[in-house]
Q: 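This is the structure I have questions about; it appears just below.
Just so it is clear: chains get the letters A, B, ... in the order the sequence lines come, proteins before strands, and each one is counted from 1.
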Amino acid sequence: MNGAADLGGMMGFGPVVVKPDGPPFQAEWERRAHAMVIALGAAGHWSIDASRYARESLPPAEYLTSTYYEIWIKALVKLLIAHGLVDADELASRRSLRPGAKLGRVLRPDEVPAVLAARRPYERPAEAAARYAVGDRVRARNMHPTGHTRLPRYARGKIGVIERLHGVHVLPDSNAHGAGEHPGWLYSVRFAATELWGDDADPTLSVSIDAWESYLQAP
Amino acid sequence: MNGAADLGGMMGFGPVVVKPDGPPFQAEWERRAHAMVIALGAAGHWSIDASRYARESLPPAEYLTSTYYEIWIKALVKLLIAHGLVDADELASRRSLRPGAKLGRVLRPDEVPAVLAARRPYERPAEAAARYAVGDRVRARNMHPTGHTRLPRYARGKIGVIERLHGVHVLPDSNAHGAGEHPGWLYSVRFAATELWGDDADPTLSVSIDAWESYLQAP
Amino acid sequence: MADDTGTPQRVEALETILVEKGYVEPAALDAIAEIYEDVGPKNGAKVVARCWVDAAYRERLLTDATSAIAELGFGGRQGEHMVAVENTPEVHHLIVCTLCSCYPWPVLGLPPAWYKSPAYRSRAVIDPRGLLADFGVTLAESQRIEVHDSTAEIRYLVVPMRPPGTEGWLEDKLAELVARDSMIGTGLPRVP
Amino acid sequence: MADDTGTPQRVEALETILVEKGYVEPAALDAIAEIYEDVGPKNGAKVVARCWVDAAYRERLLTDATSAIAELGFGGRQGEHMVAVENTPEVHHLIVCTLCSCYPWPVLGLPPAWYKSPAYRSRAVIDPRGLLADFGVTLAESQRIEVHDSTAEIRYLVVPMRPPGTEGWLEDKLAELVARDSMIGTGLPRVP
């Protein structure tokens, strides 16, 4: 979707504010929010792509005025409700009002280190040869789906060069909506900044994105 | 600039909320805000383009969480300060602390009807022939200036057809920044939705923008 | 972050400062506001009704809308450069300003809240049929849609199709059918 | 509109509900949080230092970063598919995730606040030199910039150039020069 999360090339946010590093969590609630997102994610009811869609589909004004962990927790609540695990009246009354549906997996404290250390790869076996090779020129499709996609707006319709093959990866566009993994070849595609941003762009700059084969077409 | 005001094609704002029409101003402060913007605009210190830039350059989160007249009044305050007519400490203390610079024109009550009824055209005499004619194919430039522009992001890089010539008009891109009117031919350019939004777009839809000659190039 | 609290107070304080500096006269502000409280889509409706009954006027309106509208006494701020676009069974026109909220004030009055909303501005150019559903308007699939994004100082007026069953009606009676939204393209004229 | 008030209370209430339903164990939440409070850019610094001293490791890292990083014992969530990109006098690499905030947790820890900010995400792909100025970093104009936007599950690690004056240094001492930002591309290694 063309949501507020698709920020590449936007202007008006001012300089980056670089502060000395503090602890990774700036408040106890951030610590709990992060851990809850991980713990519920491990239960297997939704994919990382579904989580991302739940975040990016927040209304733009809300997305841009929420802090990072506020966005995470708002998306978690959306997913919990959508999956019938928590009901809105329970959130309103701030306690459980009925037994919930059975959770796919409840993470036990002693399982945590192994679960987080485990690779959970997104690569799948290749069932077809890659259509493009390193050095090929390709055009990113001009597409504007209302659902999830990982093709940023700034790259759509632009011509780049295949820089690297990453193997066959789960397609977020379908996986986010529970419509299957539909794995596809994943490429690094490199675009000249002048192609992305026009003749006035920095001629020494290039920007690469990771793009699925279905995002690409002949130039 | 690629600011929050450039909304064409964005998603996530939900349905349009259509309410029965009330009075044009929903509160007394909106009425005063509107009138102040008009009255100060008539003083001639800044152009309508400068006003638009002052609005669209609000930080995106602020733009999207402000109501229409809040945006107007915030931009008015920015302009008053930038032009040395009001100082920040006066806004903080909510009264005038010193005589202001002389205003270009103070609108008197009896002048109001004539001033608002007067045409204030943006058309200028043509000094060169128009480069394009109705029916010509043109490409909107892929440009991403940090300053003001009226070429929306969704049209940049896209090919359309000249639909109509509007004459020679003041160029907002320079005029907004006090860099001169640089009048140029203004065209209606019509784009197929499939060109703007890709193959999945409504084939019966076209979108026209009004674009200055400097926004356009050969396809 | 938007500071919603105190906007009325801040606007009042600003007026105080501007008055103290001699930049604005409160009575002039009232005069401005009253004008815009008074002007409304009835002006546009008169233009459309005239267009429906007078073929020569229709021709002038479609050729040079600014002058044709001035014939009826309408013009001024935000109506300096008018273009009229005519709906037909083949094509429906819809007006938006994606970049701000440009609108033909002297002809239609100040814009309704929805016209200024991000929901309207964002969606009009990418999904106008879905947007029209929010207004309860369904067009024939065979009717093309032309959206006009007001990106310059041109202001657009949609001339809707004259409703059936109005043969022989006089201009004034016809004008009553011309609802504001039908001149933006988010509505259709009332059918008697 | 963001409701900033009461977020801590709402998060606490959510935990209460989830615990009451038997979905989470508070001790498990603590265990998760502790792991991410512990992991940090020192892991990445070890990878970079090894790369600087061991040509064969460098080759493996640039060919298959996931495996090379796993050799040192690092991997897991948000580090499943790693790619290392090496700075040279000709090219400087910069990592961003414009769409969210993808970041190689097992190698660099959780991302700093600025990495997640709209200011960083928006500007990295269109004006990286201007952005680097915010970090006090000025590159030679002749050094190209390659920005990598992490739009899939690939996570990037920048291998900065080994600072001059470190000839013969051992790995541990070199690792201390490898500041986190130098592995994102918003900084350079400390020069002794």
Q: Listed by residue number, which members of residues 140-155 of chain B have a heavy atom under 4.5 Å from any heavy atom of chain A?
A: B/Asn142, B/Met143, B/His144, B/Pro145, B/Thr146, B/Arg153, B/Tyr154
Q: Find the distance between CG (A/Asp6) and CE (B/Met10) and round it off to the nearest 0.5 Å.
A: 8.5 Å
Q: Just how far is it from atom CE of A/Met11 to atom CG of B/Asn2, taken to the nearest 0.5 Å?
A: 4.0 Å
Q: Heavy atom to heavy atom, less than 4.5 Å: which residues from residues 27-58 of chain B reach chain A?
A: none
Q: If we define contacts as heavy-atom pairs under 4.5 Å, which of B/Gly157, B/Ala4, B/Gly198 has the most with chain A?
A: B/Gly198
Q: Considering residues, nucleotides and ligands other than A/Asp199, do more than 12 of their heavy atoms fall under 6.0 Å from its CG?
A: no
Q: For B/Pro60 and A/Gly12, work out which heavy atoms get closest and say how close.
A: CD-O, 3.3 Å
Q: Taking atom CZ of B/Arg131 as the centre, report whether more than 12 heavy atoms of other residues, nucleotides or ligands fall under 6.0 Å from it.
A: no
Q: Would you find more than 12 non-hydrogen atoms of other residues, nucleotides or ligands less than 6.0 Å from B/Asp200 atom CG?
A: no
